[in-house]
Amino acid sequence: MFVRDPELTALRRERDVAWDMAKREAERAEQAEATVRRVLDLAAELETEGHPEVAARVRGMLDP
């Protein structure tokens with residue numbers, strides 16, 4: 001017969017919640033990195049097209 005340990009069950013639940021939170025944070029970090037790459041690509045394209053001042057402003061949006 002299997003007996004459930006409430007403390008062990010609570011620990012497993014906490015572990016699962018922490019794992020889900022870490023996974024979501026990693027996904028957000030990947031999305032942020034992709035956004036930064038797109039902004040930098042846009043700035044490079046603007047500079048190539050002869051708009052260095054606009055490219056600098058776009059890059060400036062990445063500064064905190």
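Note that the coordinates shown come from a computational prediction; the quantities given were computed from them, not determined experimentally.
- Between the CZ atom in Arg15 and the CG atom in Asp20 there is a gap of 10.5 Å [rounded to 0.5 Å].
- Ion pairing of Arg38 with Glu45 is absent here, as no side-chain N (NZ or NE/NH1/NH2) approaches a carboxylate O to less than 4.0 Å.
- Both Met61 and Leu46 belong to a common hydrophobic cluster when Ile, Leu, Val, Met, Phe, Trp and Tyr are linked at side-chain heavy-atom distances under 4.5 angstrom.
- For the pair Glu7/Arg12, no side-chain contact is recorded, criterion being any heavy-atom separation below 4.5 Å from C-beta on.
- Inter-residue side-chain proximity for Leu62 and Leu40 is flagged as met; some heavy-atom pair is nearer than 4.5 Å.
- Atom CZ of residue Arg59 and atom CG of residue Leu42 lie 9.5 Å apart, to the nearest 0.5 angstrom.
- Look at Arg57 and Glu53 and you find no salt bridge, because none of the NZ, NE, NH1 or NH2 atoms lies under 4.0 Å from a carboxylate O.
- Ion pairing of Glu25 with Arg28 is present here, as a side-chain N (NZ or NE/NH1/NH2) and a carboxylate O approach within less than 4.0 Å.
- In terms of heavy atoms, Ala43 sits closest to Ala55 at O-CB, 3.3 Å.
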